[in-house]
Amino acid sequence: MSGITRTHYCTEISAVNQGQTVTLTGWVDTRRDHGGLVFIDLRDRTGIIQVVISPDINPASFDKAGEVRSEYVLAVVGKVSQRPEGTVNPNLATGEVEVLVDEMRILNRAKTPPFYIEDGVEVDENLRLRYRYLDLRRPEMQQTMMLRHRAGRSVREFLDQHGFLEIETPMLTRSTPEGARDYLVPSRINPGRFYALPQSPQLYKQILMVAGMDRYYQMARCFRDEDLRADRQPEFTQIDIEMSFVQVEDILPLMEEMIARLCRETIDLEITASFPRLTYQEAMDRFGSDKPDTRFGMEIKDITDVAAGCGFKVFASAAQGGGQVRCINATGCAGMSRKDIDDLAKFAAIYQAKGLAYMIVNGDGIKSAITKFFNDSELDTIRERLDAREGDLLLFVADKPDVVAAALGALRLHLAERLEMIPKNKYNFLWVTDFPLFDYDEEEKRWVAMHHPFTSPREEDMPLLESDPGRVRAQAYDMVLNGIEIGGGSIRIHRREMQETMFAALGLTGEEAQEKFGFMLDAFEYGTPPHGGIAFGFDRLIMLLAGRKTIRDVIPFPKTQSATDLMNMAPGGVDNRQLKELHIKLDIKEKK
RNA sequence: GGAGCUGUGGUGUAGCGGUCUAACAUGCCGGCCUGUCAAGCCGGAGAUCGCGGGUUCGAUUCCCGUCAGCUCCGCCA
């Protein structure tokens, strides 16, 4: 690079620079060699510009251009020139101009890449991840990283302007019961003891409130050793926020404002900064999900009352035994084949639904194997409730409420996608509130915290804590965008007695609570302000703003579904000396 | 822990019991070419069909297992 200094990024050149001598650097996107004249599309992170290498300008550079190949790294010095008439390329931001190259330096050569460095590639993800540095070179990936950067900056600026302090919390912390599996880090200095990487900075941020920091935020890296999904990575980033002296009504509007600003400053999207709110119960009833996608209808309707008295045993027994009979209207699907419907039943079975009953609405009325179990007025009621018209297909699930919700909720999404009912470029933000405080764990036969054990119950439900935990509602809220949970938080418990009651409800003995959370309980005795907060899944947010289907596309170095990094092959083995220092012996069962 | 989908030259696909001595596109290599922009034209190289086993006279094709990636259930306070 000696003697060469870049003067512009590729797309900073326009007709304004005509006649100027500029120095550009970048990668060879494509080379078009006409024998007597060579065109090179030079690419940097801003985009592409055409440079022209002609023997009439500099024969030495022209000779060199012959050996240039894709992805070679170049520096070119030349004059900006208006393109000759008829050769303007309207598809290129810099299409009106070109750079007539005088000096050209090949800064580095490149092997032929294993896939094309261009957008919209459908390459095996194996390859993309193995050669992530090439994948990240693709324009859409670079733009995603820039979007991510702008998003982070927008959030930081907003929070700074609202008096939040960015404070770091430890990555080496301690394992706590409840919640996801921890990633453990052995302590060399303390044999047999382990740190845990944080699942979230929950306890630290609450302690910061006790410490009087008043308003905290952090772009926090979090770690959870659980199975992966398209929107779940073992290592991810949260916008972590906590505030003192607040109630739900202080937090939600502020967060709406933050997200509205984020949308404006990243993808130029204007959204109404007052999101619809649904209670958890309402969301489950209408959409079968605690993160409903409201971009389309096809809501779930209840016909348990009608089914209770009908002659169809499956329905009647579910309705009478504390279960539900609910249905959705797959509008216009009356023409589905028997096999199509069987496939839908198989799909519902994934969610433990034992069957999928259906009725076809045609010109003569309702056609179905189960019609005979209903009288005319019952059929009319069903039709009315589902707003069923000729050509519709009604799908029923009868089961326990959670199975009905899961199956119909999933079916609703599945059908909407298949029927292309989901409008593009629609961003439906909403809040889900009043979550249950507890969830019953059938395996462990005990109550577990639905959000986390530090969530405050709603005041009017506090008397139920011991008598009827299942009915206690939490001061918890999730922000949902297009059917994906992008953030969640709560008002926290800030009194020792309440926290102890909570631990007891979760089945922790006093000793266990003291051992694991003693510092927290102690802290609560030294003047803890009422506080609450929220954490956003930053990766998920970026994924949605970037219109991607997986957070792997917005994380620079993601892991595969089996939690490995195909570029550096992490996790890797370590040598015995390291293990010995850590006082660790392996006990691996050989696969036969 | 479980279910499903995918795996064929560098890349993306076709072929789904035998004319497969594996096709097409693109990329790659060489030649020609001074206005292209997915440059063009001509020529060439490049694949033990993910791996292992089985069925069969014969397997890229069918079956079983296995590995890898993906999607999902469980799991994810």
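Only this structure's heavy atoms are used, side chains among them; waters, hydrogens and symmetry mates stay out. Chain letters run A, B, ... following the sequence lines, proteins first and then strands; every chain starts at 1.
Across all strands shown, A/E125 has heavy atoms under 4.0 Å from sugar-phosphate atoms exclusively, and none from any base. No engagement by A/F454 is indicated, since no non-hydrogen atom pair under 4.0 Å with the nucleic acid exists. Residue A/L127 is classed as a sugar-phosphate contact, given heavy-atom separations below 4.0 Å to backbone atoms only.
When rounded to the nearest whole Å, the span between CG of A/L228 and P of B/rC73 equals 13 Å. Between the C1' atom of B/rG74 and the CG atom of A/D439 lies a distance of 14 Å, rounded to the nearest Å. Rounded to an integer number of Å, the gap from A/E178 CD to B/rC75 P is 15 Å. Remark: P of B/rU13 and CZ of A/F115 are 14 Å apart, rounded to the nearest angstrom. The distance between atom CZ of A/F236 and atom P of B/rC76, rounded to the nearest whole Å, is 13 Å. A/D124 places its CG atom 16 Å from the C1' atom of B/rG9, with the value rounded to the nearest Å. Atom P of nucleotide B/rU6 and atom CD of A/Q561 are separated by 16 Å, given to the nearest angstrom. Between A/L129 atom CG and B/rC70 atom P there is a gap of 7 Å when expressed in whole angstrom units.
Nearer to the 5' terminus of RNA chain B, by closest-nucleotide assignment, is the contact made by A/E122 (compared with the other of A/E122 and A/V448).
Closest to the side chain of A/D33, from the set B/rC33, B/rG35, B/rC76, is B/rC33. Taking the side chain of A/L566 as heavy atoms from C-beta on, and the options B/rC75, B/rU11, B/rG69, the nearest nucleotide is B/rG69.
With 3.5 Å as the limit, one finds a donor-acceptor pair spanning the side chains of A/Q199 and A/D182.
At a cut-off of 3.5 angstrom, the base of B/rC75 holds at least one donor-acceptor pair with the side chain of A/R232. A donor and an acceptor atom sit less than 3.5 Å apart, one in the side chain of A/D227 and one in the base of B/rG74. Between the side chain of A/R229 and the base of B/rG74, at least one donor-acceptor pair of N or O atoms lies under 3.5 Å.
Here A/R32 does not reach the OP1 or OP2 of B/rU36: none of its side-chain N or O atoms lies under 4.0 Å away. At the phosphate of B/rG69, OP1 or OP2 sits under 4.0 Å from a side-chain N or O atom of A/S562. The side chain of A/T560 places an N or O atom within less than 4.0 Å of a non-bridging phosphate oxygen (OP1 or OP2) of B/rG69. The phosphate of B/rU71 has OP1 or OP2 within less than 4.0 Å of a side-chain N or O from A/R552.
For A/F454, the ring pair (Phe, Tyr, Trp, His ring centres under 6.0 Å) partners at least two apart in sequence or on another chain are A/H452, A/F517.
Under 4.0 Å is where a charged nitrogen must lie from a carboxylate oxygen, and between A/E12 and A/R45 no such pair does. With salt bridges taken as basic N to acidic carboxylate O contacts below 4.0 Å, none links A/D441 and A/R446. Electrostatic pairing of A/R418 and A/D340 counts as a salt bridge here, judged by a charged N lying under 4.0 Å from a carboxylate O.
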For this session: Sugar-phosphate means primed atoms, P, OP1 and OP2; the rest is base. With that split, encode nucleotides 22-29 of chain B 5' to 3' as B, S or - using protein heavy atoms under 4.0 Å.
Result: ----BSSS
Exercise. Should A/D478 and A/Y280 be marked as a side-chain hydrogen bond (donor to acceptor under 3.5 Å, both in side chains) after you check the CA-CA gap, both sets of side-chain angles, and the distance that decides it?
Worked result: CA-CA 9 Å; A/D478 278 0; A/Y280 172 84; over 6 Å; no
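Under the 30°/60° scheme for interplanar angles, the aromatic rings of A/W431 and A/Y477 are found to stand perpendicular.
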